[in-house]
Amino acid sequence: MRTDRCGDLRSDDVGRQVTLCGWVARRREHGEHLAFVDLRDRSGIIQVVVDGAADLRSEYVLQVTGQVRERPADTANDSLATGAIEVDASEVTILSASEPPPFPLDERTDVDEVLRLRHRYVDLRRPRLQRNLEVRATVNSAVRTAMGEQGFIEVETPMLVASTPEGARDFVVPSRKEPGSFYALPQSPQIFKQLCMIGGVDRYYQIARCLRDEDLRADRQFEFMQLDAEASFVSQDDVLAFITHAVASAAEAVTGERPADFPRMSWHEARDRYGSDKPDIRFGMELVELTPVFADTDFRAFQAPCVKGIRVPGGAELSRNRLDDLTDTCKGWGAKGLVWMKVEADGLNSPVAKFLSDDEQAALRSTMEAEEGDLLLLVADEHHNTCRILGLLRLELGRPPVTEGGLHFLWVVDFPLFEGLDETGNPMPAHHPFTMPHEDDLEALEAGDLLSVRSQAYDLVLNGWELGSGSVRIHRREIQQKIFSILGIGAEEAQERFGFLLDAFRYGAPPHAGFAFGMDRLVAILAGEENIREVIAYPKTQSGADPLTSAPTQIDDRHLEELGLRVLPRSE
RNA sequence: GGUCCUGUGGUGCAGUUUGGAGUGCACGCCGGCCUGUCAAGCCGGAGGUCGCGGGUUCAAAUCCCGUCAGGACCGCCA
């Protein structure tokens, strides 16, 4: 139907007879005998000169045949890739008419998102989404190539799986053949990929759809795509290298530049310096240790296990109102309070300055390298809480937009194996119960010094977004049993919950390790989007609805009966 | 489950603080004019459940209560 794409034509094509198909992006009429139509397809836009009488309106679908020609002198449009030329139409066929679109398709208008989702087929025509979908396809393709290069093969795993009690809430699918029983949709292919290892598929990967029935966020949808990978006979370093290659290849495919650095940082260092296990290292404002400065302080609020602060360059300009807001925000995060100090020519301006000795003020200023005009924000609390609050505050005050600062990848390693205790006093696994403890910490594990035990688990962070995580898995039976017993999972319960995996481990399980990272998040950052809905063709709203199809919908009684289901009346 | 923000012709906004006639801006739409525009221009026109319900008031887009939808975040996401 067409010989060329609209956006591909250039001055080289002058003189050629071409046939183009596309949508009317805009028309400019000059009376009976002249009109300009900007014809748009996925490749871009070109100006078509048509007879003024033609009734060609916005978003009509046209087939245009005509000759490519230079535009007359002084009428070139530099802002258009095809701006030096135009197509002189000899024949225009309306393939499909269109009602006026429900919202403008130009890039200038920030349209209500529900409206965009309800008419997603129109929204998808806009350059922004066209570009984002291309970025996504490029990333998918680059990742597949990169994994293939490293000897991984793509294996598909089922969507209808058994529900396990771990992790997120499952989406479930009722069984027709066995009423009252349910499949679960996979939260990840975790178990299956480990079974692949036992099955001798020594390098598995999959760009897998995962589903978790948890509340949605800017970086979270019910369903999302992961690069899921697992390899046998490899170390943590090997896995980091595999994933680094895949992610670097994806970034290079999109930006044209291969990111060089994938630095590593221990979980402890990340917490102490950035107050986060996913530090955004695009900017400074690092947490400064101040506990020694106030070791002998008379100021009650600083008589805490840990005092830290951040320095906001130029922050002394913030109004009292804004500082009060920040204090409230911190309290909302669970802080006992927030101490602010403005660094001024004649000293520290702060409600609490009078409680601090001259030595303390001087030590504070030098430790924080404070300069006139800075704002110092201090929190005193338990170590972990101090770091967490300041980490959130740092992001609140300093985090650049997604499009700024380049790509800063970071491997966070040496996570603790357990993060605190649950209500019943059992330690909680920081990753999952198959995570291998650090070899150097096996003695501490044996000795019961649980919270000091590191794991061979690792996260990949990009500009403060957690892209994904992985671990070396336990393949030694006695260690697995030790972990289960620490977690308070008895042999019977373990068998019930993970029976088929444990059974499989009896038949020759190779040492293995793996990783999974969120493709949507990677694509969003590479596309310069703050929200993964912008890189998903058909996303859902924050309440999990799809304005396009109206999902979720009710099903009729006959259908319910067939599945052995009855819907309870809504409770108050 | 919680906190905060938003909802006004087809679209994007202003108007809400301090109640007084559906008032305004830009785009789009419809009609007319126009042979080099490119966010074309000029003239004219149509288009409203101020999300919904209730309350206060002589009077509500505006104040109060509730509710729905959307968004950001907390909880949640091993």
Side-chain angles (χ1 to χ4, degrees), chain A residues 25-39 45-53 55 57-59 69-80 82-83 86 88 98-119 122 164-170 187-188 190-191 210-222 224 325 328-329 331-334 388 392 395-396 415 417-419 422 426-435 455 457 466 469 471 483 487 489 497-498 516 518 530-531 533 540-545 547:
Chain A
R26 202 169 286 279
R27 69 200 150 92
R28 294 174 292 278
E29 291 181 67
H30 288 258
E32 233 178 310
H33 298 294
L34 177 67
F36 301 99
V37 167
D38 288 341
L39 196 66
I45 281 177
I46 191 166
Q47 173 165 289
V48 178
V49 184
V50 300
D51 188 284
D55 188 27
R57 297 171 189 238
S58 283
E59 300 308 313
R69 68 184 185 201
E70 295 279 0
R71 292 198 188 184
D74 299 328
T75 62
N77 183 351
D78 293 337
S79 60
L80 221 52
T82 59
E86 61 190 8
D88 182 24
S98 172
E99 294 179 17
F103 51 85
L105 272 73
D106 59 58
E107 298 260 41
R108 297 171 294 133
T109 315
D110 200 10
V111 181
D112 177 67
E113 200 176 344
V114 185
L115 193 63
R116 292 175 54 202
L117 292 179
R118 187 173 299 136
H119 301 277
V122 173
T164 56
E166 275 58 53
R169 197 176 292 116
D170 282 325
Q187 296 178 25
S188 81
Q190 181 64 36
I191 303 275
C210 304
L211 299 104
R212 295 179 190 171
D213 187 3
E214 298 294 349
D215 287 357
L216 295 80
R217 287 280 196 287
D219 62 353
R220 261 160 48 189
Q221 285 271 301
F222 280 157
F224 57 98
D325 281 351
D328 288 343
T329 303
K331 285 178 178 168
W333 289 329
R388 186 178 63 85
L392 291 168
L395 293 176
E396 172 81 16
F415 273 72
L417 190 59
F418 304 104
E419 52 177 5
D422 68 11
N426 286 321
M428 297 180 292
H431 191 57
H432 61 56
F434 311 114
T435 305
S455 68
E466 182 189 327
S469 62
S471 64
I483 297 292
L487 294 175
I489 300 172
R497 283 161 65 171
F498 315 108
E530 305 271 4
N531 190 309
R533 292 190 298 273
K540 291 185 175 49
T541 64
Q542 198 164 65
S543 66

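Residue numbers start from 1 in every chain, and the chains themselves are labelled A, B, ... in the order their sequence lines are given, proteins ahead of strands. No experiment lies behind these values; they were computed from the predicted model shown.
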Worksheet item: Which part of the nucleic acid does A:A25 contact within heavy-atom distance under 4.0 Å: base, sugar-phosphate only, or nothing?
Response: nothing

Worksheet entry | Heavy-atom protein contacts under 4.0 Å, nucleotides 28-34 of chain B, coded B base, S sugar-phosphate only, - none | -SSS--B

Worksheet item: When we call it a touch if two heavy atoms are under 4.0 Å apart, what does A:E86 touch: a base, just sugar-phosphate, or nothing?
Response: base

Worksheet item: How would you list, by chain and number, every residue that makes a salt bridge (charged side-chain N to carboxylate O under 4.0 Å, His left out) with A:D55, sequence neighbours excluded?
Response: A:R57

Worksheet item: Who is the Watson-Crick or G-U wobble partner of B:U23, with both distances under 3.5 Å?
Response: B:A14

Fill in: Between B:C58 and B:C50 - P atom distance, rounded Å
23 Å

Worksheet entry | Donor-acceptor pair between A:Q187 and A:D170 side chains, under 3.5 angstrom | yes

Worksheet item: Which residues satisfy the salt bridge (charged side-chain N to carboxylate O under 4.0 Å, His left out) test with A:D88, sequence neighbours excluded?
Response: A:R69

Practice prompt. Only counting residues at least two apart or in another chain, list the ones meeting side-chain hydrogen bond (donor to acceptor under 3.5 Å, both in side chains) with A:T109.
Written response: A:D106

Discussion item. Can you list everything that forms a side-chain hydrogen bond (donor to acceptor under 3.5 Å, both in side chains) with A:R116? Sequence neighbours excluded, please.
Written reply: A:D123, A:E534

Worksheet, complete the sentence: Distance col, row A:I45:CD1 vs A:T82:OG1, nearest 0.5 angstrom, shows 8.0 Å

Discussion item. Applying the 5.5 Å / 30° rule, does A:F103 stack onto the base of B:U11?
Written reply: no

Discussion item. Using a 4.0 Å heavy-atom cut-off, does A:A35 contact any base of the nucleic acid, only the sugar-phosphate backbone, or nothing at all?
Written reply: nothing

Discussion item. Using heavy-atom distances to pick each residue's nearest nucleotide on RNA chain B, tell me which of A:L115 and A:A73 is more 5'.
Written reply: A:L115

Practice prompt. Mind checking A:D110 for me? I need base, sugar-phosphate or nothing, with any heavy atom below 4.0 Å counting as a touch.
Written response: sugar-phosphate

Practice prompt. Determine the Euclidean distance between corresponding P atoms of B:C4 and B:G66; express it in Å to zero decimal places.
Written response: 12 Å

Worksheet item: Looking at residues at least two apart in the chain, or sitting in another chain, which of them share a salt bridge (charged side-chain N to carboxylate O under 4.0 Å, His left out) with A:R169?
Response: A:E214

Worksheet entry | B:A46 - base-pair partner by Watson-Crick or wobble geometry, distances under 3.5 Å | none

Item to complete: Looking at every strand, decide which applies to A:P102 at a 4.0 Å heavy-atom threshold: base, sugar-phosphate, or nothing.
Response: sugar-phosphate

Worksheet item: Once each nucleotide of nucleotides 68-77 of chain B is scored for protein heavy atoms under 4.0 Å, what B/S/- sequence comes out, 5' to 3'?
Response: --SBBSBBBB

Discussion item. Roughly how many Å apart are B:G22 and B:U62, using the C1' atom of each and rounding to a whole number?
Written reply: 13 Å

Worksheet item: On a plain distance test, is the side chain of A:R116 in donor-acceptor contact with the base of B:U11 below 3.5 Å?
Response: no

Discussion item. Return the pairing partner of B:C77 with a 3.5 Å limit on both distances, Watson-Crick or G-U wobble; otherwise return none.
Written reply: none

Worksheet entry | Donor-acceptor contact below 3.5 Å, side chain A:T435 vs main chain A:S471 | no

Worksheet item: What interatomic distance, in whole Å, is found between P of B:U8 and the corresponding atom of B:A61?
Response: 15 Å

Practice prompt. Using the P atom on both, measure B:G2 against B:U67 and round to a whole Å.
Written response: 10 Å

Worksheet, complete the sentence: B:U35 -> Watson-Crick or G-U wobble partner, both distances under 3.5 Å, gives none

Worksheet entry | Interatomic spacing from CZ in A:R220 to CG in A:N531 - rounded to 0.5 Å | 12.5 Å

Worksheet item: Just how far, in rounded Å, is C1' of B:A40 from CG of A:N77?
Response: 12 Å

Item to complete: Write down the distance separating the C1' atoms in B:G9 and B:A46, rounded off to the nearest Å.
Response: 10 Å

Worksheet item: Mind checking the P distance from B:C42 to B:C63? Whole angstroms is fine.
Response: 38 Å

Worksheet item: Given that both distances must come in under 3.5 Å, which nucleotide forms a Watson-Crick or G-U wobble pair with B:A69?
Response: B:U6

Item to complete: Please state the C1' separation for the pair B:G51 and B:C38 - nearest whole angstrom.
Response: 38 Å

Practice prompt. Please state how far atom CG in A:D78 lies from atom P in B:U37, giving the value in whole angstrom units.
Written response: 14 Å

Worksheet item: A:S58: what forms a side-chain hydrogen bond (donor to acceptor under 3.5 Å, both in side chains) with it, not counting sequence neighbours?
Response: none

Discussion item. Using OP1 and OP2 only, check whether a side-chain N or O of A:R28 sits under 4.0 Å from B:U37.
Written reply: no

Item to complete: Ignoring hydrogens and angles, answer whether the base of B:G10 and the side-chain atoms of A:R118 contain a donor-acceptor pair closer than 3.5 Å.
Response: no

Fill in: For A:E113, salt bridge (charged side-chain N to carboxylate O under 4.0 Å, His left out) partners two or more places apart
A:R533

